[in-house]
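Shown next, in C-alpha cells, is the structure this report addresses.
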Protein chains: 2
Amino acid sequence: MTLRGRRKGEAVPQGVVVRLPIYFRYLTELESAGVERISSAQLGEALDFTAAQIRSDLSYFGSFGQQGYGYNVSELLHQVKQILGLQRVYSMVLVGAGNLGKAIGSYEGFRKRGFDIKAVFDIDPHLIGNHHAGCVIRSLDELPKYLEENQVDIGIIATPKEAGQSICDLFVQGGVPSIWNFSPTHLNTPDEVIVEDMHLTDSLLRLAFRMNERG
Amino acid sequence: MTLRGRRKGEAVPQGVVVRLPIYFRYLTELESAGVERISSAQLGEALDFTAAQIRSDLSYFGSFGQQGYGYNVSELLHQVKQILGLQRVYSMVLVGAGNLGKAIGSYEGFRKRGFDIKAVFDIDPHLIGNHHAGCVIRSLDELPKYLEENQVDIGIIATPKEAGQSICDLFVQGGVPSIWNFSPTHLNTPDEVIVEDMHLTDSLLRLAFRMNERG
DNA sequence: TTGTTCTTGTTAATTATTCGACAAGAACTC
DNA sequence: GAGTTCTTGTCGAATAATTAACAAGAACAA
C-alpha cells in the first residue's frame with residue numbers, strides 16, 4: 001500500500017468514468033454479502049471486463065491492492081467512494097413532477113448515497129401545492145428566486161423536450177454547476193457547466209440498432 | 001447520391017452507436033421545424049461534434065450528402081431511421097410496475113416510434129389486476145407461459161436489483177433476444193443476448209465524479 | 001525456513017477512434 | 001457560362017484506449 005499510483009493526476013479516459021460507478025455498485029454488493037477480498041481477475045469475471053482493464057483503471061487514482069492478495073473489499077469500496085466524491089452530500093432541485101419526475105423523486109437510493117432533493121418545481125398549476133419526494137411542488141416561476149437564496153449542486157430536468165433548454169438556462173443563470181438532463185434534447189451550456197444526459201429513447205434506439213446489426 | 005459508402009460493412013465503433021440516436025433526435029426536430037437542408041458543419045455546431053466526425057460516422061452506412069449542398073434533412077432522417085431499424089415495430093414486455101415502471105409504460109414517445117409494450121408483469125399482489133400502459137398488470141408467475149405463447153423482441157426490467165438477474169433468466173429462458181435493464185445490477189447472459197443498461201444511479205455518480213474532477 | 005503460487009502496478013505493443021486536410025464536384029453568383 | 005464558394009467522402013496522421021506480458025513482492029504450504 002506504499003506505492004503511489006503512477007498515473008495519478010493524468011486525465012481520466014471516458015471509459016474509466018463509465019466503469020467507476022459499476023465497480024462501486026458491485027463492491028457495495030460484495031461488502032453487503034460479507035466478502036472480504038477480491039482480485040482483479042474475479043472482478044473482471046463478474047463484470048465482463050479484463051483484469052488488466054480494472055487494474056489500469058484503478059491506477060489512475062492510486063495503488064489500492066496488494067500482490068498475492070488482491071484487494072480488500074471494504075478498503076477498495078472506501079477508496080472508490082472517495083474517488084467518486086461520495087464523502088459529501090449533494091443538494092439537488094428537480095424540475096418536472098410528471099411520471100418520470102415522480103420516479104426520480106421517489107427513488108430512495110439517491111438520498112441514501114448523499115443526493116438530496118431539496119425542492120421540486122413544475123409548471124402545471126394542478127400539481128403545484130401537492131407533496132412529492134418530501135417536498136411541496138412549487139411553481140416554476142419561483143425557481144430563479146429559489147436559486148438565488150439556496151446553494152444547489154445539481155439541477156434535474158425531467159420535463160418534455162420543449163422545456164428542456166429554457167429550464168437549463170434558468171439553472172445556468174442561477175449558478176447551478178451541473179445538470180442531470182432527462183429531457184430528450186441536447187442542451188447548450190457554457191463550457192464550465194457539467195451536463196449528464198439520461199436519454200431513455202436514445203438507449204432504446206441503441207438497443208434496436210444492435211438487434212439489427214447482427215441478423 | 002451514387003457513391004457507395006466506403007466503409008459499409010465494417011464494424012461500427014461504439015461511439016457511432018451512441019451518436020446515431022442523437023442525430024436521429026436532432027434531425028427529427030429539424031424536420032418538424034421545416035428545415036430542408038443541413039451541412040455536417042451545422043450539425044456539428046448544434047450538437048457539439050466536429051463536422052469530420054459526423055461525416056465519418058455516416059460513411060459507415062453509405063453516402064447520403066451532396067457536395068456544395070450538404071444533406072437533405074428528410075432524406076437523411078429517413079436513412080438514419082433505416083440504419084437504426086425503425087422501419088419495423090418492436091414488441092416489448094415490462095416487468096416491474098413500480099414508479100419507474102409506470103414512468104416507462106406511460107411515456108408515449110416509445111409507442112410513437114414503434115416500440116409497443118404488449119404486457120406488464122409484477123410480483124406484488126396488490127398491483128396485479130390494475131391497468132397500466134393500456135395493459136392489465138399480470139402476476140410474474142405467468143411470464144414464462146406468456147413468453148412461450150408470444151413473440152417478444154425486448155424485455156424491460158424495471159425491478160429492484162435483487163430481482164434483476166432472475167427476471168433476466170426468465171427472459172433468456174423464454175427466448176427474448178434483447179433486454180433493456182433498469183435494475184441496478186450487472187446481468188449475466190449468454191453472448192447472443194443483447195443487454196442495454198439504463199442505470200440511473202451510475203449516471204448520477206458520473207456527474208458527481210466530474211464535479212470533483214475539476215475543483 | 002524455503003519454495004511455490006498468486007496477484008499487483010506498470011510498461012510496451014496493439015488496437016481503436018478522432019481529426020485535419022484535400023481532391024472532387026455540386027451549387028451559386030454575376 | 002465562367003469563376004467562385006461550398007461541402008462532401010476519404011485518406012493518413014495523430015491521439016486515445018485496451019490488452020498482454022512481466023518484474024516485484026506478498027501470501028501460503030510444507
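Below, chain A is the first sequence line, B the second, and so on; all start at residue 1.
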Using a 3.5 Å cut-off and no angle test, enumerate the donor-acceptor pairs between side-chain atoms of residues 99-109 of chain A and protein atoms at least two apart in sequence or in another chain.
residue   : atom : partner   : partner atom : Å
Asn99(A)  : ND2  : Ser106(B) : OG           : 3.1
Ser106(A) : OG   : Lys102(A) : O            : 2.5
Ser106(A) : OG   : Asn99(B)  : ND2          : 3.1

Is any side-chain heavy atom of Leu200(B) closer than 4.5 Å to a side-chain heavy atom of Phe110(A)? yes
Does a nitrogen or oxygen in the side chain of Tyr71(A) sit under 4.0 Å from OP1 or OP2 of dG9(C)? yes
So, do Phe115(A) and Trp180(A) have ring centers that fall under 6.0 Å from each other? no
Please enumerate all residues that pass side chain to side chain donor-acceptor pair (under 3.5 Å) together with Thr50(B), with sequence neighbours excluded. none
Over how many whole Å does the gap from Asn72(A) atom CG to dC6(C) atom P extend? 21 Å
Asp57(A) CG to dT18(D) P, straight-line distance once rounded to whole Å: 7 Å
Flag the pair Ile179(A) / Cys168(A) as yes when at least one side-chain heavy-atom distance between them is below 4.5 Å, and no otherwise. yes
Nearest of dG9(D), dT18(D), dA27(C) to any side-chain atom of Arg19(A)? dT18(D)
How about Leu58(A) and Tyr71(A): do any of their side-chain heavy atoms sit closer than 4.5 Å? yes
Can you check the Tyr60(A) OH to dA17(D) P distance for me, whole Å? 7 Å
Rounding to an integer number of Å, can you tell me how far Leu58(B) CG sits from dT10(D) P? 11 Å
The single option from Asn181(A), Val93(A), Val95(A) that satisfies side-chain contact (heavy atoms from CB on, under 4.5 Å) with Ile157(A) is Asn181(A)
Using the side-chain contact (heavy atoms from CB on, under 4.5 Å) criterion, which residues pair with Tyr69(A)? Sequence neighbours excluded. Arg37(A), Gln66(A), Asn72(A)
Tell me which of Gly68(A) and Thr50(A) sits closer to the 5' end of DNA chain D, going by the nucleotide each one is nearest to. Thr50(A)
Sugar-phosphate, base or nothing in reach of Gly70(A), heavy atoms under 4.0 Å: sugar-phosphate
Would you kindly give the CZ-to-P distance between Phe64(B) and dA26(C), to the nearest whole Å? 19 Å
Between Asp57(B) and Gln53(B), do the side chains contain an N or O donor and an N or O acceptor separated by less than 3.5 Å? no
Separation of dG9(D) atom C1' from Ile54(B) atom CD1, nearest Å, is 14 Å
Could you tell me the separation between the OH atom of Tyr69(A) and the P atom of dA27(D), rounded to a whole number of Å? 9 Å
Do any N or O atoms from the side chain of Asp153(A) and from the backbone of Met92(A) form a donor-acceptor pair under 3.5 angstrom? no
Positions of residues 27-48 of chain B (non-hydrogen atom under 4.0 Å from DNA chain C), listed by number: Arg37(B)
Out of dT17(C), dT18(D), dT10(C), whichever nucleotide has its closest atom nearest the side chain of Pro13(B): dT17(C)
Collect all protein-nucleotide pairs involving nucleotides 2-4 of chain C in which both atoms are nitrogen or oxygen and the distance is under 3.5 Å.
none

Test applied, salt bridge (charged side-chain N to carboxylate O under 4.0 Å, His left out); reference residue, Asp202(A); option that passes from Arg19(B), Arg25(B), Arg113(B): Arg25(B)
Pairs under 3.5 angstrom, nitrogen or oxygen only, protein versus nucleotides 21-23 of chain D, please.
residue : atom : partner  : partner atom : Å
dA21(D) : N6   : Arg55(A) : NH2          : 3.3

Within-4.5 Å side-chain heavy-atom neighbours: Phe61(A) and Leu20(A): yes
Gln53(B) atom CD is separated from dT18(C) atom P, nearest whole Å, by 5 Å
